[in-house]
Amino acid sequence: MTPSSLHRILAIGTTVAVVLSNAMHASESALSPNDSESIESMISTGEAENALQLIEEEISDLVAADGRNSELLVPPLVLKGDALRALGYYGAALETYDDARAIQRRHFGLHDLDQVDILYKEAETYYEQEQFATANDRHEYAFSIYVRKFGTDSPEILPGLFKLADWYMDTDNIFTARGLYEKALTDFSLDESTESESRIRALSGLAQTYQQERFRPPEYTPKADKFTPRPYGSINHPEHYYPELNDFAKGEEALLELVRINITKEDPTSTILADAKLKLADWYLLFEKYEKAAVVYKDIWDTLDGTPQFAFVEEHMTSPKILYKPLPDDPLPPKRESTIPTVELEGRIEIALTVTEYGKTKKIKQISSHPGQMLARATRNTASNSIYRPAFVDGVATTTENVQFLHTFPYYTSARDAPSSSARTNPSYRSSK
């Protein structure tokens, strides 16, 4: 332990001691915001074990002073769950979160809204263990608490609605997410006159569902083989949604409206407005409406040219940026019940290609592949179907040669055969502590 770490722990311990001296007063919080932030910082910077020791001491003192049912225990219990989770003790973390939520519910009611933050932590913990269906249950249950507290017709449910919609997007349940975004737009009078952040949020999410229906985002990681999404309303709330497929015009309309809203809200050289225009131009490019795309891209360039905001153009438009990157499926990991020690290694395929002024790819050339030719042919095929935002010169799209395309993927081998310098234990195969 370094002297600076020791001083830090002693300083936090002194702060905790001051807080504990007031713990007998049930109306006061056990942790001040500064105390919580200090301990959270310790957890996030790799000092979870030290943080856990401080939290355990505080919990013991609170139990001695107020008993095991004290509402003051909720914040330190949540922090304890965070520390355990950071250390990889997922089961213990979930039990601690459950204890915190049980105390919260006993004091403030079964449908108390403050418990949803704990539910989201539980969902993230299950997600990290690849228990996607259980994580989904937690997200849906959190939203059901919003609905029970405020009813289905109150805009007060929007934070929970957007949180659930984001989860559905992350797990490729895009049609169910679309139903939530449309509910936000149609049920809560988020009309054009309001120009509310909620309307912007709903329109942006709605457009994303249509784009993702046709074009997977470059960073997309499929989970369909591990988690089969259920329709909205299947468990905790009665509403159902039946989407229309391939209705891409609605996605374009949503992006156009976002531009219109930002034109009324923002300065013409605002990067927020420029970003809304860029998303619209990218949409036109993806759907091969090249003339419309060219007009919008040129407008962004000309509007920001000569202004301090031209850095936005330099970042996003002066070199090719990949918009659609279909990739082959990764090699399957070993089955969890396997008794053979397994390690996960990184495969790499490097390709050079040309990006045309229309964002298409050609002249695909493989530079390197490891291990051997694993996934090499499939990666070359998918690279040829990728779509880029091309590089621009004076606002006009140009062709760029020798663009680097890198695909990394996990592959698995027995621990005995793996090179010791590059092998690491497969985290998805590791059992929970």
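Every heavy atom of this structure was used, including side-chain atoms; hydrogens, water molecules and symmetry mates were not.
- No side-chain heavy atom of V313 sits under 4.5 Å from any side-chain heavy atom of D305.
- Judged by distance alone, with hydrogens and angles left aside, the side-chain atoms of S44 form a donor-acceptor pair with the main-chain N or O of S41 at under 3.5 Å.
- Residues H407 and F405 place their aromatic rings such that the two centres sit no closer than 6.0 Å.
- In this structure, G151 and I157 approach most closely via the heavy-atom pair O-CG2, 3.4 Å.
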For a salt bridge (charged side-chain N to carboxylate O under 4.0 Å, His left out) check, start with the C-alpha distance between K121 and D117, then their side-chain angles and the critical distance, and finish with the verdict. CA-CA 6 Å; K121 289 179 180 289; D117 289 335; over 6 Å; no
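- Using a 4.0 Å cut-off between charged side-chain N and carboxylate O, D112 and R105 make no salt bridge.
- Contact detail for A86 and I43: the closest heavy-atom pair is CB-CG2, 3.8 Å.
- Inspection of the Y90 and E95 side chains reveals no N or O donor paired with an N or O acceptor under 3.5 Å.
- For W283 and F287, the gap between ring centers is short of 6.0 Å.
- The closest donor-acceptor contact from the side chain of T125 to the backbone of L94 lies at 3.5 Å or more, if one exists at all.
- A salt bridge between E156 and K149 is absent, with no side-chain N of the basic residue lying under 4.0 Å from a carboxylate O of the acidic one.
- Here the CG-CD distance, from D172 to Q212, works out to 6.0 Å after rounding to the nearest 0.5 Å.
- Nearest heavy atom pair, residue S369 against residue Q373, reads OG-CA, 3.7 Å.
- When the shell of 6.0 Å around CD of E266 is examined, it contains more than 12 heavy atoms from other residues, nucleotides or ligands.
- The closest side-chain heavy-atom distance from Y358 to P390 is not below 4.5 Å.
- Side chains of T171 and N173: no donor on one and acceptor on the other come within 3.5 Å.
- Counting heavy atoms of neighbouring residues, nucleotides and ligands inside a 6.0 Å radius, atom CZ of F310 exceeds 12 of them.
- The shortest heavy-atom contact between A51 and I39 is CB-CG2, 4.0 Å.
- The distance from atom CD1 of I118 to atom CG of L77, rounded to the nearest 0.5 Å, is 8.5 Å.
- The shortest distance between side-chain heavy atoms of T413 and V343 falls below 4.5 Å.
- Tested against L206, the residues L180, L258, L185 include a single side chain to side chain contact (heavy atoms under 4.5 Å, CB included) partner, L185.
- Residue N136 is tested with Y126, Y127, W167 for a side-chain hydrogen bond (donor to acceptor under 3.5 Å, both in side chains); the sole match is W167.
- Y284 and Y290 have their aromatic ring centers separated by at least 6.0 angstrom.
- Between L84 and L52 there is a side-chain heavy-atom pair separated by less than 4.5 Å.
- Ion pair R138/E124 not flagged as a salt bridge, since none of the NZ, NE, NH1 or NH2 atoms sits closer than 4.0 Å to an Asp/Glu carboxylate oxygen.
- Atom CD1 of I263 and atom NZ of K277 lie 6.0 Å apart (nearest 0.5 Å).
- The 12-atom threshold is not exceeded at CZ of R377, counting heavy atoms of other residues, nucleotides or ligands nearer than 6.0 Å.
- For K298 and D302, the salt-bridge test passes: some basic side-chain N is under 4.0 Å from an acidic carboxylate O.
- The shortest side-chain heavy-atom distance between F175 and T209 does not fall under the 4.5 Å cut-off.
- Side-chain contact check for R201 versus Y181: some heavy-atom pair is nearer than 4.5 Å.
- Y97 places a side-chain N or O within 3.5 Å of a backbone atom of D82 that can act as its donor or acceptor partner.
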Checking Q404 against N402 for the side-chain hydrogen bond (donor to acceptor under 3.5 Å, both in side chains) test, could you report, in this order, the C-alpha distance in whole Å, the side-chain angles of both residues, the deciding distance, and whether it holds? CA-CA 6 Å; Q404 302 301 303; N402 199 34; 3.3 Å; yes
Dump the intermediate steps for side-chain contact (heavy atoms from CB on, under 4.5 Å) on L285 and L323, then the final yes or no. CA-CA 10 Å; L285 182 75; L323 300 176; 3.8 Å; yes
Criterion side-chain contact (heavy atoms from CB on, under 4.5 Å) on L203 and I261, from CA distance to verdict: CA-CA 11 Å; L203 287 168; I261 290 174; 3.8 Å; yes
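- Panel note: side chain Q115, backbone L110; a donor-acceptor pair is recorded below 3.5 Å.
- Side chains of Y297 and D282: a donor on one and an acceptor on the other come within 3.5 Å.
- For the pair R178 and Y210, the distance from NZ or CZ to the six-membered ring centre is under 6.0 Å and the angle to the ring normal is within 45 degrees.
- In this structure, CG on L406 lies 9.0 Å from CD1 on I349, to the nearest 0.5 angstrom.
- Under the 3.5 Å distance criterion, the side-chain polar atoms of T400 are left unmatched by any main-chain donor or acceptor of T354.
- At a threshold of 4.0 Å, the pair K250-D247 counts as salt-bridged, since one of the basic side-chain nitrogens sits closer than that to a carboxylate oxygen.
- Rounding to the nearest 0.5 Å gives a distance of 12.0 Å between CG of L327 and CG of N381.
- Put simply, the side chain of N262 does not reach to within 4.5 Å of the side chain of D275, judged on heavy atoms.
- Y411 and P331 make their closest contact through CB-CG, 4.1 Å (heavy atoms, listed as atom of the first residue, atom of the second, distance).
- Using modelled atom types and a 3.5 Å distance limit, the side chains of T271 and Q309 yield no donor-acceptor pair.
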Intermediate values then yes/no, salt bridge (charged side-chain N to carboxylate O under 4.0 Å, His left out), E291 and K289: CA-CA 6 Å; E291 292 184 3; K289 299 181 179 182; over 6 Å; no
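- Using a distance-only test at 3.5 Å, with no hydrogens or angles considered, a donor-acceptor pair links the side chain of E213 to the main chain of N246.
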Stepwise side-chain contact (heavy atoms from CB on, under 4.5 Å) test for D187 and E182: CA-CA 8 Å; D187 289 9; E182 289 192 345; over 6 Å; no
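- For the residue pair T264 / R260, no side-chain donor-acceptor distance below 3.5 Å is found, with atom types taken as modelled.
- Residues T379 and P328 approach most closely at OG1-CG, 3.7 Å, considering heavy atoms.
- Aromatic ring centroids of H316 and F312 lie under 6.0 Å apart.
- Contact of the F409 side chain with the L375 side chain is registered, since non-hydrogen atoms from C-beta on lie closer than 4.5 Å.
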Does F143 form a side-chain contact (heavy atoms from CB on, under 4.5 Å) with K163? I'd like the steps, not just the answer. CA-CA 8 Å; F143 181 52; K163 184 78 172 180; over 6 Å; no
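- Judged by a 6.0 Å distance limit and a 45° cone about the ring axis, K321 is not positioned over the six-membered ring of Y388.
- Residue pairs that meet the salt bridge (charged side-chain N to carboxylate O under 4.0 Å, His left out) test with at least one member in residues 358-376, sequence neighbours left out, are E288-K360.
- T398 and E357 share no donor-acceptor pair across their side chains, judged by distance under 3.5 Å alone.
- Here the straight-line distance linking atom CG of L286 with atom CZ of R389 works out to 9.5 Å at 0.5 Å rounding.
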